[in-house]
Amino acid sequence: MRWSSLFIPTLRDAPAEAEAVSHRLLVRGGFIRQLQSGHYSMLPLGWRVHQKVAQIIREEMDNIGGQEFLLPAMHPASIWQASGRWDSMGEEMFRLTDRKGADLALGMTHEEVFATLSQELNSYRELPQLWYQIQWKFRDEPRPKSGLLRVREFAMKDSYSFDLDNEGLDRSFDLHHNAYQRVFRRLALDARPVEASSGAMGGSASIEFMVESNAGEDDVAVCGSCGYAANVERATAALKVVENRPQSDAPQSFPTPGVRTISALADHGHPSVHQIKTLVYLVDGQLTLILLRGDHSFLEQKFSDATGAVEVLPAEADEIRQALGASPGSLGAVGVTDLTIYADEALRGRTGMTTGANVDDQHFEGVDVDRDIPIDHWVDVRGITAGEECASCGDTLRVVRCIEAGHIFKLGQKYAEAMGVTVLDADGSNRVPTMGSYGIGVGRAMATVAETHHDDHGLVWPMSIAPYEVVLTVVKVDHEESMVVAERLYEDLRSAGIDVLLDDRDGRPGVKFADAELIGIPLRVTIGPRGLENGLLELTGRATTDKSDVAIEDVVPKVVDAVVTGRSLGR
RNA sequence: CGGGAUGUGGCGCAGCCUGGCAGCGCACCUGCUUUGGGAGCAGGGGGUCGGGAGUUCAAAUCUCCCCAUCCCGACCA
């Protein structure tokens, strides 16, 4: 394509509201424009990248036997009611009503629709099936952010596997695991598979593919020695043994006027590791106590995963006072019998502890957790922190910020059962297939590449998804020989199947160099009078900025070779 | 939803405190000169100052309400 006739609105300055690097560069480079918060238009350059990312995903899905579908984006309420998610999805789901008054939803995922289609599977002989689509999702995110990284409307490759049994599901899951690693390698993304929480999807296991980046929204605990890696929503660590303080016969209350926080109490001679933190939550509407060691943080996700609770909300101050007779700062679980009490594993066997006495400005000391508190359930609900020891090998854990680039789930039979899906087994009995679901956000993948592939001058696309593979920069468009050479190269490279951009704009060379770098084209051929005098053109790589002079007749083979090599990286 | 910030041509910003002609840079158009790293000169086009109400002789500027956008948190496959 000829740059002079393309719509590539590059900007010298990024819009003030863009903060994330990928957001700034994709806007500046003329790839995307925002329509409203969380909704972006793909401009021609952005759409080319988007389509290349989608194509890589498509090829790898086809490689593992995936069959491509395209399902409706708009769904009847009935299928969501059947799975129970019409209610449980809450405000995250966009809902609307048609002219007849029927309730509709914009699809935020497609388990229900695919499960509906799977009702036409009749026999175990038809399994396994692996179905996918690349299609638009709508999610009413409370806070879209960082350009394409978190949006309300986006293309996602979502796939779904149907197997007869758990062994089959394991195979389908592993196929996806491998396919995802190939996809991310081809996108030049260093994506680490990590153990993850299954969250609202339910199911038995899930793995997230995480790319380290400060623009991310997830923290991942990583062990450098044994390879353990898990989202902190799920991560565990070896607990350092704490020496209990001397035991006492019974809890002793003591006055603590004005002491409201763990750290204030620590200042009064009660180190936080010897305190019990008492949290009051409404768990699916039931007032509940959750106990942790004073220095530990509570992870609601871990709690939901451990207990199956759907709604976990901090209780209001007046509810707390009504139930316990004191305000936060003086709360405790000693002698509480009418509320369900959960305790974090880190409190097991602890004695000589300090906790609130459920009287304002009073605390107990000498608390023996097992003796004095009627604990109903022991759970692992604490957040781990960097520097703790790996539970498997004892080495130090790091915590790294990551972008979630992909997520794969073992779902089990939940959706198939809800939609009444059965197939006949070899012995003639009805079997409910077991499902997996697997997702990669296309726009997010693109933004993640931008986030991890750039320099001071702009984007540095890998060859595999660059909007154009080569840019021919004509230094002086009114220099006749330059244009003749450029046109010939343009045609030759095009017929060799290369994505070529011919910068034939009448402008100063500095502007053209800067633009070519900003939009991140991997290879540049500079065509100008200076080189042509000696029959030479300049070949520049975007990533390294290495320059080399190349004889005119060698340019096409050299470029073709570099492009073909670049495309195949990671394959 | 809680906290913070911002809204002035396509983009970046000043002006607001202390009310009195809507300005600057980039981009854009025309002409000339220039052309191997974001040119120079001259001329030119483009803005309901986020919206509404109020105060005032007079509002971008003061007051109130609303909206939008961004950041932090909550939330979120």
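Below, chains carry the letters A, B, ... as their sequence lines are ordered, and counting in each starts from 1. This structure is a prediction, so every number in the text was calculated from the model and none was measured.
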Check every atom of [options] against the side chain of [X] and return the nucleotide holding the closest atom.
X        : options                : result
A:Phe409 : B:rA77, B:rC71, B:rA39 : B:rA77
A:Glu17  : B:rA77, B:rU69, B:rG36 : B:rU69
A:Asp13  : B:rC76, B:rG12, B:rA77 : B:rG12
A:Arg508 : B:rA39, B:rG12, B:rC26 : B:rA39
A:Glu111 : B:rC76, B:rG36, B:rA77 : B:rA77
A:His407 : B:rC76, B:rA77, B:rC11 : B:rA77
A:Thr109 : B:rG12, B:rA77, B:rG36 : B:rA77

Using a 4.0 Å heavy-atom cut-off, does [X] contact any base of the nucleic acid, only the sugar-phosphate backbone, or nothing at all?
X        : value
A:Lys512 : nothing
A:Lys547 : base
A:Ala196 : nothing
A:Arg524 : base
A:Gly439 : nothing
A:Pro142 : base
A:Glu517 : base
A:Glu208 : nothing
A:Ala18  : nothing
A:Gln36  : sugar-phosphate
A:Thr526 : base

*Is a salt bridge present between A:Arg150 and A:Glu404, judged by a nitrogen-to-oxygen distance below 4.0 Å?*
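Salt bridge absent between A:Arg150 and A:Glu404.
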
Between [N] and [M], how far apart are the two [atom1] atoms, rounded to whole Å?
N      : M      : atom1 : value
B:rA60 : B:rU48 : C1'   : 12 Å
B:rA22 : B:rG15 : C1'   : 9 Å
B:rC75 : B:rC1  : C1'   : 9 Å
B:rC11 : B:rG46 : C1'   : 14 Å
B:rG43 : B:rC26 : P     : 15 Å
B:rU63 : B:rU55 : P     : 15 Å
B:rG23 : B:rC16 : P     : 15 Å
B:rG45 : B:rC29 : P     : 15 Å

*What residue among A:Arg152, A:His23, A:Glu153 forms side-chain hydrogen bond (donor to acceptor under 3.5 Å, both in side chains) with A:Tyr40?*
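The option that passes is A:His23.
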
*Angle class for the A:His75/A:His110 ring planes (parallel below 30°, perpendicular above 60°, tilted otherwise)?*
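Perpendicular, since the angle between the ring planes exceeds 60°.
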
Could you tell me the separation between the [atom1] atom of [X] and the [atom2] atom of [N], rounded to a whole number of Å?
X        : N      : atom1 : atom2 : result
A:Glu19  : B:rG4  : CD    : P     : 18 Å
A:Met435 : B:rA77 : CE    : C1'   : 14 Å
A:Asp515 : B:rA27 : CG    : C1'   : 12 Å
A:Asp218 : B:rG73 : CG    : C1'   : 16 Å
A:Leu11  : B:rC13 : CG    : P     : 12 Å
A:Leu282 : B:rC75 : CG    : P     : 14 Å
A:Arg401 : B:rC72 : CZ    : P     : 9 Å
A:Gln301 : B:rA77 : CD    : P     : 7 Å

_Criterion side-chain contact (heavy atoms from CB on, under 4.5 Å) against A:Met156, the qualifying member of A:Gln133, A:Arg139, A:Met108_ =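 Passing option: A:Arg139.
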
*Want to settle it: does A:Arg28 or A:Pro144 sit nearer the 5' end of RNA chain B, counting the closest nucleotide to each?*
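Final value for this comparison: A:Arg28.
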
*Toward the 5' end of RNA chain B, which comes first, A:Arg143 or A:Thr540, by nearest nucleotide?*
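Per heavy-atom nearest nucleotide, the more 5' residue is A:Thr540.
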
*Any side-chain N or O of A:Ser37 less than 4.0 Å from the OP1 or OP2 oxygen of B:rC70?*
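Affirmative; the distance criterion is met.
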
_Phosphate OP1/OP2 of B:rC70: any A:Gln34 side-chain N/O under 4.0 Å_ =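 Yes, within the criterion.
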
Assigned partner base of [N], Watson-Crick or wobble definition, under 3.5 Å:
N      : value
B:rC1  : B:rG73
B:rG7  : B:rC67
B:rG45 : none
B:rA59 : none
B:rC32 : B:rG40
B:rG19 : none

*Confirm from the modelled atom types if A:Arg139 and B:rC76 form a donor-acceptor pair under 3.5 Å, side chain to base only.*
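Under the 3.5 Å cut-off, the side chain and the base do not form any donor-acceptor pair.
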
*Please say which of A:Arg505, A:Arg12, A:Arg524, A:Arg508 ends up in a salt bridge (charged side-chain N to carboxylate O under 4.0 Å, His left out) with A:Asp515.*
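By the salt bridge (charged side-chain N to carboxylate O under 4.0 Å, His left out) criterion, A:Asp515 pairs with just one of A:Arg505, A:Arg12, A:Arg524, A:Arg508: A:Arg505.
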
*State whether a side-chain donor-acceptor pair under 3.5 Å links A:Tyr438 with A:Ser172.*
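Result is no, nothing qualifies.
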
*asked:* Pair A:Lys414, A:Glu111 - check salt bridge (charged side-chain N to carboxylate O under 4.0 Å, His left out), show working.
replied: CA-CA 10 Å; A:Lys414 173 180 168 180; A:Glu111 280 78 11; over 6 Å; no

_Sub-4.5 Å side-chain heavy-atom contact between A:Lys157 and A:Tyr180_ =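 Of all side-chain heavy-atom pairs linking A:Tyr180 with A:Lys157, at least one is under 4.5 Å.
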
_Looking at every non-hydrogen atom in both residues, tell me the closest pair between A:Ala445 and A:Leu187 and how far apart they are._
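It is CB-CD1, 4.1 Å.
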
